[in-house]
Trainee: 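I am attaching a structure below and will ask some questions about it afterwards.
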2 protein chains.
Amino acid sequence: MAIIVNKEKKRRNIAFACKDLLLENGINELTIAQIAKTAGVGKGTIYEYFENKEDIVFEIITVFIAEYEHRLLEIVDEKRSTKEKLFHFFYIIHGDEEGHKQLRIYREFLAISMTHGTREIMDFNRKCRDLFLDILSQIIEKGVENGEIPEQAHDMKSALLTFSLGLVVDTHTIGLDPKEEINGLLNTLFNFIEMKEKR
Amino acid sequence: MAIIVNKEKKRRNIAFACKDLLLENGINELTIAQIAKTAGVGKGTIYEYFENKEDIVFEIITVFIAEYEHRLLEIVDEKRSTKEKLFHFFYIIHGDEEGHKQLRIYREFLAISMTHGTREIMDFNRKCRDLFLDILSQIIEKGVENGEIPEQAHDMKSALLTFSLGLVVDTHTIGLDPKEEINGLLNTLFNFIEMKEKR
DNA sequence: TAAATAATGACTGACCATCGGTCAATAAGG
DNA sequence: CCTTATTGACCGATGGTCAGTCATTATTTA
């Protein structure tokens, strides 16, 4: 009877049309008018596809996380030591230009989660954590199988992820060097482990 | 010559007048008009004492951190095991009503740091971290002296603080249980350490 | 079958309410 | 009477709404 558009797709298109704008200035500097203009639609249309400004960031993050997951999964089967894999697992997002861009927006998203967090956003965050937990599990499991690390390494998973999240915040709010921090932690941890193994 | 007010004091008073308001709803729900009314001053007066809305949160946090520092310092000399001290060091802010209130506002502040972060705010964050690092050092140093933990425990300080920051975020964005997470981490770490010591 | 008409979802931008921030005027202390 | 503090009316900008328009497809009609 009438035009039927793929809502999901259009939502994504609009969101990504203003990705660069979002990267340049934060969400706070972005106006709905700008977004609409950049996406080439009317202001009202924005509200056909998004609840509010924050919802646009949510859409972008959803895709970013999917890409990120893909990059993390590649690490699992790399031909490296477990320690190196772990380093990459935590460092990958800090390492390249693309990651930095995503990190920039992810911080905006974190800020939103902490202040405007809807149930939907919380659920998404939980899902993400479970996902990362699973990948980390795979890396550690392989390390255990190879005899590189002890079984108990699994107990560190949750704390490691929390550390990793803290690092996302700290690298920005006080300018910590991610490489140094991650290496510092892993070295110390492996130092403990090795000493134990040499029992 | 003319009226002389204690700018510092008045700034603090205004900020704390709207502390409860800030706790109820976040800063985003708060309007300058509300703040002014609650503090019993004109809207223009607010801008005599604060750069902007975010600056008000900054003022409150400054005091909170000072209180928090005080509570942390008390831990150093407690008659407990190092492990227990460490648990308290990380858990104290999650533990009681007062801490929760402060956490609520601290999260607002973190969000601001990640999005509106001025140089002044970054400097403050760095100062805070150094402060916590120092207190943590003292706790660990005592533990080393008592032979409870190895010298290398010092190498974990930075990562532990980053973990702790991540926990502040995670407890809110995905509802992690702080007690469980902190205990999980400490148990695992001490497990590693003890195994090593029994060498 | 083709033209006419109806139905419906997509789209729009003028409009509105609200809010952060400014400033000219006023008050008050010394 | 000068200096400092205070104020709230005012302003521009912005997020969000909604009544109306448009484009496409379904249905009817001849």
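These figures come from a predicted structure and were not determined experimentally. Naming: A, B, ... by sequence-line order, numbering from 1 per chain. All heavy atoms count here, side chains included; hydrogens, waters and symmetry mates do not.
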Trainee: Evaluate the side-chain proximity of B:R104 to B:L22: yes if any heavy-atom separation is below 4.5 Å, no if none is.
Mentor: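 A side-chain contact is absent here, since even the closest heavy-atom pair is not under 4.5 Å.
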Trainee: Strictly below 4.0 Å, heavy-atom distances to any atom of DNA chain C: list the hits from residues 22-33 of chain B, or just say none.
Mentor: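 Result for residues 22-33 of chain B: B:L30, B:T31, B:I32, sorted by number.
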Trainee: Rounded to the nearest Å, what distance is computed from the CD atom of residue A:Q34 to the C1' atom of nucleotide D:dA13?
Mentor: 12 Å
Trainee: My understanding is that only one of B:E48, B:E51, B:E59 makes a salt bridge (charged side-chain N to carboxylate O under 4.0 Å, His left out) with B:R11; could you say which?
Mentor: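 Only one option passes, and that is B:E59.
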Trainee: Compare the minimum distances between each of C:dG21, D:dT6, D:dG15 and the side chain of B:T45, then state the nucleotide with the smallest one.
Mentor: D:dT6
Trainee: For the side chain of A:Y47, starting at C-beta, report the closest nucleotide among D:dG15, C:dT12, C:dG20.
Mentor: D:dG15
Trainee: In whole Å, I'd like the distance from the NE2 atom of A:H116 to the P atom of D:dG15.
Mentor: 12 Å
Trainee: Given atom CD1 of A:I35 and atom C1' of D:dT14, what is their separation to the nearest angstrom?
Mentor: 12 Å
Trainee: Would you call B:E120 and B:D123 a side-chain contact if the rule is heavy atoms closer than 4.5 Å?
Mentor: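 In short, these two side chains do not touch, never coming nearer than 4.5 Å.
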Trainee: Counting the atoms with a prime plus P, OP1 and OP2 as sugar-phosphate, which does A:K7 contact under 4.0 Å by heavy atoms, base, sugar-phosphate, or nothing?
Mentor: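 A:K7: backbone/sugar contact only, no base atoms under 4.0 Å.
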Trainee: Starting at CD1 of A:I14 and ending at P of C:dA10, how long is that distance when rounded to a whole Å?
Mentor: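 Roughly 12 Å, once rounded to whole Å.
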Trainee: In whole angstroms, how far is the C1' atom of D:dA23 from the CD1 atom of A:I4?
Mentor: 12 Å
Trainee: Any heavy-atom pair between the side chains of A:I92 and A:F87 that's under 4.5 Å?
Mentor: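 A:F87 does not reach A:I92 side chain to side chain.
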Trainee: May I ask you to decide if the ring planes of A:F124 and A:F109 are parallel, tilted or perpendicular, using 30° and 60° as cut-offs?
Mentor: perpendicular
Trainee: Which of the following nucleotides, C:dT12, C:dC11, C:dG21, is nearest to the side chain of A:V5?
Mentor: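 Among the listed nucleotides, the one closest to the side chain of A:V5 is C:dC11.
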Trainee: Nearest whole angstrom, please: distance from the P of D:dA5 to the CD of B:E48.
Mentor: 7 Å
Trainee: With side-chain contact (heavy atoms from CB on, under 4.5 Å) as the criterion, how do A:D170 and B:N125 come out once you've worked through the C-alpha distance, each side chain's angles and the decisive distance to 0.1 Å?
Mentor: CA-CA 9 Å; A:D170 264 347; B:N125 280 324; over 6 Å; no
Trainee: Quick one: are the ring centres of B:F132 and B:Y68 less than 6.0 Å apart?
Mentor: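 B:F132 vs B:Y68: aromatic centres under 6.0 Å.
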Trainee: Strictly distance-based, threshold 3.5 Å: is any side-chain N or O of A:T173 a donor or acceptor partner for the main-chain N or O of A:V169?
Mentor: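 Side chain of A:T173 to backbone of A:V169: a pair is present.
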Trainee: Within the structure shown, what part of the strands sits under 4.0 Å from B:K37 by heavy-atom distance: base, sugar-phosphate, or nothing?
Mentor: nothing
Trainee: Starting the side chain at C-beta, find the nucleotide from C:dC11, D:dT6, C:dT12 nearest to B:Y49.
Mentor: D:dT6
Trainee: Could you verify whether a donor N or O on one side chain and an acceptor N or O on the other, from A:T188 and B:Q152, lie under 3.5 Å apart?
Mentor: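 Judged by distance alone, the side chains do not pair up.
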Trainee: Would the A:F64 and A:Y106 ring centres measure less than 6.0 Å apart?
Mentor: no
Trainee: Atom CD of B:E8 to atom C1' of D:dA5: distance rounded to whole Å?
Mentor: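 Distance, rounded to whole Å: 17 Å.
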Trainee: Whole-Å distance between C:dC19 C1' and B:K53 NZ?
Mentor: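 For the pair B:K53 NZ and C:dC19 C1', the rounded distance is 8 Å.
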Trainee: Starting from the first five and the last five pairs of the helix from C:dT1-D:dA30 to C:dG30-D:dC1, work out the angle between the resulting helix axes, to 10 degrees.
Mentor: 20°
Trainee: Is B:K10 near enough to D:dT6 that one of its side-chain N or O atoms lies under 4.0 angstrom from OP1 or OP2?
Mentor: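 Checking B:K10 against D:dT6: at least one side-chain N or O falls below 4.0 Å of OP1 or OP2.
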Trainee: Go through C:dG21, C:dC11, C:dC15 for me and flag the one nearest to the A:K43 side chain.
Mentor: C:dC15
